[in-house]
Q: 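Got a structure for you, questions after.
Numbering of residues begins at 1 and proceeds along the displayed sequence.
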Amino acid sequence: MRFRLTDDQAALRAGVRELLERRFGRQALRAAVDAPGRLDRVLWRALGEAGFFALRLPEADGGVGLGLPEAVLAFEEAGRALLPGPLLATHLAAGTVPGAASGETVVAAVDGELVEWLDAADAVRGDASGAVALRSVDPLTPLHRVTAPPGAAAVPPGPVAVPPSPEAVPSGPVAVPPDAVSVPSGPVAVPPDAVSVPSGPVAVPPDPVAAPPDPVAVLLTAAEQLGTAGRVCELAVEHARARQQFGRPIGAFQAVQHLCADLLVRAETARAAVYAAAVTADPADIAAARLLADEAAVQGARDCLQVHGGMGFTWEADVHLHLKRAWVRARRGGGSAHGAELLAAALAG
């Protein structure tokens, strides 16, 4: 089995990267950070016109007619660029929700107890009634929490979001360590007058029986994490080459070299697993790829911060944004616990 990209796949990846650099460069990224919760509809339609959401939709249905490996390449580039918005939910809704494939309709989806970009959505897959806004640790991913349906995967504890309490939360976005916030796993009792139900999005009824996470959603999330892992590796190496200490680049010091080497090893290991899972589409392969990609993104962003030193913790730097996005993505689809259990069952069986 060959995992090397074809010429067409390499061209697709280069085309998506060029599109995102042109339409969502660093200036646009920082503008999005300064205006959290606002979705750029012009960019969204441009993604639709480029076929981002309709990549796997058959040509007979107006799609591009490509497969899962090509979608993985596109989502990897989206993760690398920190592209905001409910990309995954809209991509999965193409062909079922009118306007999703073209980017005219923004689709959100209930994932366990969390919904990303609910207020900006035109349609919602799942029951988001009674959703309560949360203070997301990622300024580029607004979150709501809903009561989990019976049998749905609970949100694992971790730095996903904190309640929007003015007394308990600082006024600006903050970085939260992984053991600092515990999101309750059960339903939250909320006074009736404290709940604001969005009037815009139209709910799409969920399946009557709660199902495990969609393997395609899990794999595309892993692809986004892979994009982050690759980007933070690039940022760390660039800084290690440019930053001078004691008359030479800090990359000349062995401790920094080891951090950069570990970044590369994790990213390339995850890349091999994600690309292989895109070809086999085996649930166990996808679970393994997701575990490796989550580790590569989260630990890679941490190590990138370490290479940058105090500069990496400043609001003006972009490194913390990659770490926060990796934290939020790592909670999708039941988190690492679901993938670990699936992989363990496959190995044991």
Q: Can you measure from CG (D303) to NE2 (H308) and round to the nearest 0.5 angstrom?
A: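 Going from CG on D303 over to NE2 on H308, the span is 12.5 Å.
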Q: Under a 4.0 Å N-O cut-off, is there an ion pair linking R80 with E234?
A: yes
Q: Is there any ring-ring contact (aromatic ring centres under 6.0 Å, His included) pair reaching into residues 94-132, and which pairs are they, with sequence neighbours excluded?
A: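 Every pair satisfying ring-ring contact (aromatic ring centres under 6.0 Å, His included) with a residue in residues 94-132: there are none.
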Q: Does Q306 have more than 12 heavy atoms from other residues, nucleotides or ligands lying within 6.0 Å of its CD?
A: no
Q: Whether D122 and R41 form a salt bridge (side-chain N of Lys/Arg under 4.0 Å from carboxylate O of Asp/Glu) is what I want to check.
A: yes
Q: Under 3.5 Å, is there a donor-acceptor pair between the side chain of D282 and the main chain of D285?
A: yes
Q: Give a yes or no answer on whether the side chain of T141 reaches the backbone of D138 with a donor-acceptor pair at less than 3.5 Å.
A: no
Q: Is there a donor-acceptor pair under 3.5 Å between the side chain of S102 and the backbone N or O of G99?
A: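 Here the side-chain-to-backbone pair exists.
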Q: Are the side chain of T314 and the backbone N or O of M311 linked by a donor-acceptor pair below 3.5 Å?
A: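 Yes.
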Q: Under the side-chain hydrogen bond (donor to acceptor under 3.5 Å, both in side chains) criterion, do R290 and S336 qualify, and how do the steps go?
A: CA-CA 8 Å; R290 171 68 185 277; S336 59; over 6 Å; no
Q: Give, for atom CH2 of W44 and atom OG1 of T105, the distance between the pair rounded to the nearest 0.5 Å.
A: 11.0 Å
Q: Starting at NE2 of H322, measure out to CZ of R325 and round the result to the nearest 0.5 Å.
A: 9.0 Å
Q: Using a cut-off of 6.0 Å, state whether more than 12 heavy atoms not belonging to Q244 lie near its atom CD.
A: yes
Q: Let me confirm one number: the NE2-CG distance from H239 to L305, rounded to the nearest 0.5 Å.
A: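 So the NE2 of H239 and the CG of L305 are separated by 11.0 Å.
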Q: So, R271 and E76, do they make that salt bridge, N to O below 4.0 Å?
A: yes
Q: Give a yes or no on whether the backbone of H338 and the side-chain of E341 come within a donor-acceptor separation of less than 3.5 Å.
A: no
Q: Under 3.5 Å, side chain of Q225 to main-chain N/O of D294, donor-acceptor pair present?
A: no
Q: Is it true that atom CG of D34 has more than 12 heavy atoms of other residues, nucleotides or ligands lying nearer than 6.0 Å?
A: yes
Q: Let me confirm one number: the CG-CD distance from L226 to E77, rounded to the nearest 0.5 Å.
A: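 Interatomic distance, L226 CG to E77 CD, rounded to 0.5 Å: 9.5 Å.
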Q: Can you check salt bridge (charged side-chain N to carboxylate O under 4.0 Å, His left out) on R30 and D318, steps first, answer last?
A: CA-CA 9 Å; R30 299 310 302 195; D318 295 340; 2.6 Å; yes
Q: So does E224 pair up with R332, basic N to acidic O under 4.0 Å?
A: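 A salt bridge is present here (some side-chain N lies under 4.0 Å from a carboxylate O).
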Q: Looking at L92, is its backbone amide N or carbonyl O close enough to the side chain of R125 to form a donor-acceptor pair, meaning the two atoms are under 3.5 Å apart?
A: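 Yes: the side chain of R125 pairs with the backbone of L92.
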Q: Does a donor on one side chain sit under 3.5 Å from an acceptor on the other, for D127 and S129?
A: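 A donor-acceptor contact under 3.5 Å links the two side chains.
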Q: Do H91 and F75 have ring centroids that are under 6.0 Å from one another?
A: yes
Q: Would the distance check show the side chain of T6 and the main-chain N or O of Q9 forming a donor-acceptor pair, the cut-off being under 3.5 Å?
A: yes
